[in-house]
Amino acid sequence: MIAQFFVLSQRGDNIVFRDYRGEVSKGSAEIFFRKVKFWKEDEEEEAPPVFNVDGVNYIHVKIAGLFFVTTTRVNVSPSLVLELLQRIARVTKDYLGILNEDSLRKNFVLVYELLDEVIDFGYPQTTSTEVLKSYVFNEPIVIDSTRVPPLGPASIFMQGTKKMPGAAVTKSVIVTEPGGRKREEIFVDIIEKISVTFSSSGYILTSEIDGTIQMKSYLTGSPEIRLALNEDLSIGRNSSSVYDYRSSAGGAVILDDCNFHESVRLDSFDVDRTLSLIPPDGEFAAMNYRTTQEFKPPFRVNALIEEAGQLKAEAIIKIRADFATSVTANTITVQMPVPTYTARVSFELESGAVGQTADFKEGAKRLEWCLKKIVGGSEHTLRAKLTFSQESHGNIAREAGPINMNFTIPMYNASKLQVRYLQIAKKSPSYNPYRWVRYVTQSNSYVARFSTSSFDGTREATQATAISSTSTATSSPLEVVAEGATASLPDPPAPPPPPTTFLGTAVPLLLQLGLSGAIKILGPAATSSSSHHHYLLAYRLHALAVFFTFAADMVLVIYFIACYAGFATPPAGRVMKPLMIAPLAVSFVTVVLGTVLNVVG
């Protein structure tokens, strides 16, 4: 299945190479690196994870600055091979402790022994660190942790008020401490990647959290551990609506679905939300979960772009951190595509800005604003002046954007999923291993769309983005001063009330159709009369009632279809009642009047 496996450095150096089947030439590594380095197909900056060159399929992932690559001439499942590459990297890290070029070169004998056990003649055998311990006997050469580059604040582990740097988890799972003893500890990561798409008016179109509870155990003797999650944790939406904001406001954690590692036992999970397991050696995902429940996005972004004269435009981006002041986001990058005919861009950062850089990527035609860190509750502003090589032939707001934001927030959890306690079965009264927990939130797809606006001498907001529909915080407007005019970029409007549910809409509509049908059926019976004059008048009144009711029915049907299709806004409750009662009232009055005329006649 797999012809070759090799690992390349960022410079293209061949660190590890194994040819399993002899079906692909030995120069495949050089061909791969040249193709990836100078990739210019499909107008993409980076090569896709799977591509074909001269009948050879190249499948790769980039981990810790290294390229893990496989080649094959047969039609294999890309997902299977990509997952295999991820697991090979994970097993290698479990054994070496640190995954980088230096550790691979110093432990190449161990790495080749691992590859021979993981893959046999191109077919995967096992990727379990615990199983491989019975077949791999080489000891790793430990890399000095002081030579490892700092991992940043996102790698800090917590145990109550104690903190430990993430470098502590870079130990090999098979190496003992000096003196022959092993430090008893376990590390738990709650890592969440959030995806949010905002409409041009600032409302959330889609929101999703993909999370995982990842563990790495250094416990000896395979003790049983119990991991307790939120007591109010719910799996599946049940009967709750997509627009039921009350569920998120009440503090309950609702997951759409989840899956667990094979070692996890769920005997008491439904009762007290506790996971029981005997952790295997190495790093593993104890639980993966996904939720689309409403949550408060960590950032609010306001953006403005408009023409400022011939062949010129101005763009303003404001970022507000909507989380606690005790939390700090790291490695923030804001990208904004600009029109393709943009020639140059000049930037103005806020006064006293520290750790901020702005750049215009001319080849990619986008602005890139990088911030080293953002403290919760703070605001930051970037102003850019664009110069074009030709006149704009349309609305400039449509040719720029959308804004994309990348960030990492340590010790922050968007879904509110928490570890209540981590209990480890005691071997003896003095047995008390260390337990470390870390929360990390990262952006997966944080996108905001631009809206169109007119320019009439007063600067107007063209985009209100990254606003939480559950946020109650207010922020001061962004003051824009240019050419002697002062204007403000207003905050996005308050989110609309939840749309009328299908049941709340269908019942009044069915009631309206049913009553009007009864009028149509009972009307002719009420209009039968021996008096020709009264009969003629009653018949005309009944015909008028039927026509008015039928017209009202058709208007309501079209209106509600437009609401569900997104072309109209569902009415509030006080508007819905008159909308239902008015046609019925007129219809009943006309039929009753016709009936009275028949009785009198």
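For the pair T328/M411, no side-chain contact is recorded, criterion being any heavy-atom separation below 4.5 Å from C-beta on. I63 places a side-chain heavy atom less than 4.5 Å from the side chain of Q86. Within the 4.5 Å cutoff, the side chain of T331 has no heavy atoms near those of the K373 side chain. A 4.5 Å side-chain heavy-atom check between Q418 and N413 finds at least one atom pair inside the cut-off. Here the side chains of I374 and I319 are in contact, with some heavy-atom distance below 4.5 Å. In this structure, the side chains of V447 and F198 stay at 4.5 Å or more apart for every pair of heavy atoms. Under the 4.5 Å side-chain criterion, counting only non-hydrogen atoms from C-beta, H380 is in contact with Q356. The closest side-chain heavy-atom distance from L132 to L114 is below 4.5 Å.
Other residues, nucleotides and ligands contribute at most 12 non-hydrogen atoms within 6.0 Å of the CG atom of D54. In this structure, R87 places its CZ atom where only 12 or fewer heavy-atom neighbours from other residues, nucleotides or ligands lie under 6.0 Å away. Environment of CD in E262: sparse, with no more than 12 heavy atoms of neighbouring residues, nucleotides or ligands closer than 6.0 Å. The number of heavy-atom neighbours closer than 6.0 Å to CG of N52, taken from other residues, nucleotides and ligands shown, is above 12.
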Kindly indicate, with the supporting measurements, whether the criterion side chain to side chain donor-acceptor pair (under 3.5 Å) is fulfilled by Q4 and S28.
CA-CA 9 Å; Q4 297 172 334; S28 58; 2.5 Å; yes
Criterion salt bridge (Lys or Arg N to Asp or Glu O under 4.0 Å) on E348 and K385, from CA distance to verdict:
CA-CA 8 Å; E348 293 182 12; K385 295 182 178 180; 3.6 Å; yes
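Side-chain rings of Y20 and Y123 stay apart, their centers remaining 6.0 Å or farther from each other.
Here CG of N444 is found 9.0 Å from CD1 of I194. Values are rounded to the nearest 0.5 Å. If you take NZ on K361 and CG on D359, they are separated by 4.5 Å, rounding to the nearest 0.5 Å. Annotation: the span from M405 atom CE to S445 atom OG amounts to 13.0 Å, rounded to 0.5 Å.
The side-chain contact (heavy atoms from CB on, under 4.5 Å) check on R34 picks up E30, with sequence neighbours excluded. Judged as a ring pair (Phe, Tyr, Trp, His ring centres under 6.0 Å), and not counting sequence neighbours, the contacts of F388 are Y341.
When only modelled atom types and interatomic distance are considered, D281 and T129 share no side-chain donor-acceptor pair under 3.5 Å. For the 3.5 Å distance criterion, the side chains of T72 and N57 fail to qualify, holding no donor opposite an acceptor. Residues T197 and T206 bring a donor and an acceptor atom of their side chains to less than 3.5 Å of each other.
Under the 4.0 Å criterion applied to side-chain N and carboxylate O atoms, K312 and E314 are not assigned as salt-bridge partners. Between R11 and E101 a salt bridge is recorded (basic side-chain N to carboxylate O distance below 4.0 Å). Between K193 and D210, no side-chain nitrogen of the basic residue sits less than 4.0 Å from a carboxylate oxygen of the acidic one, so the salt-bridge criterion is not met.
The aromatic rings of F67 and H60 lie tilted to each other, with the angle between the two planes from 30° to 60°. The aromatic rings of W39 and F51 sit tilted relative to each other, their planes meeting at an angle between 30° and 60°. The aromatic rings of Y112 and F108 sit perpendicular to each other, their planes meeting at more than 60°, with 30° as the lower class boundary. F5 and F68 have tilted rings, their planes meeting at an angle from 30° to 60° on a 0 to 90° scale. Below 30°, between 30° and 60°, or above 60°: for H261 and F284 the angle between ring planes is between 30° and 60°, a tilted geometry.
Residues Y439 and V419 approach most closely at OH-N, 3.1 Å, considering heavy atoms. Contact between R366 and F360 at its shortest, heavy atoms only, is O-CD1, 3.5 Å. The two residues E368 and T333 make their nearest non-hydrogen contact at CG-CG2, 3.8 Å. Listed here is the closest heavy atom pair of V56 and V24: CG1-CG1, 4.0 Å. For A329 against F299, the heavy-atom pair with the smallest separation is CB-CZ, 3.7 Å. Considering every non-hydrogen atom in both Y412 and T441, the closest pair reads O-OG1, 2.6 Å.
Identified under the salt bridge (Lys or Arg N to Asp or Glu O under 4.0 Å) test for residues 14-23, with sequence neighbours left out: R18-D116, D19-K26, R21-E23.
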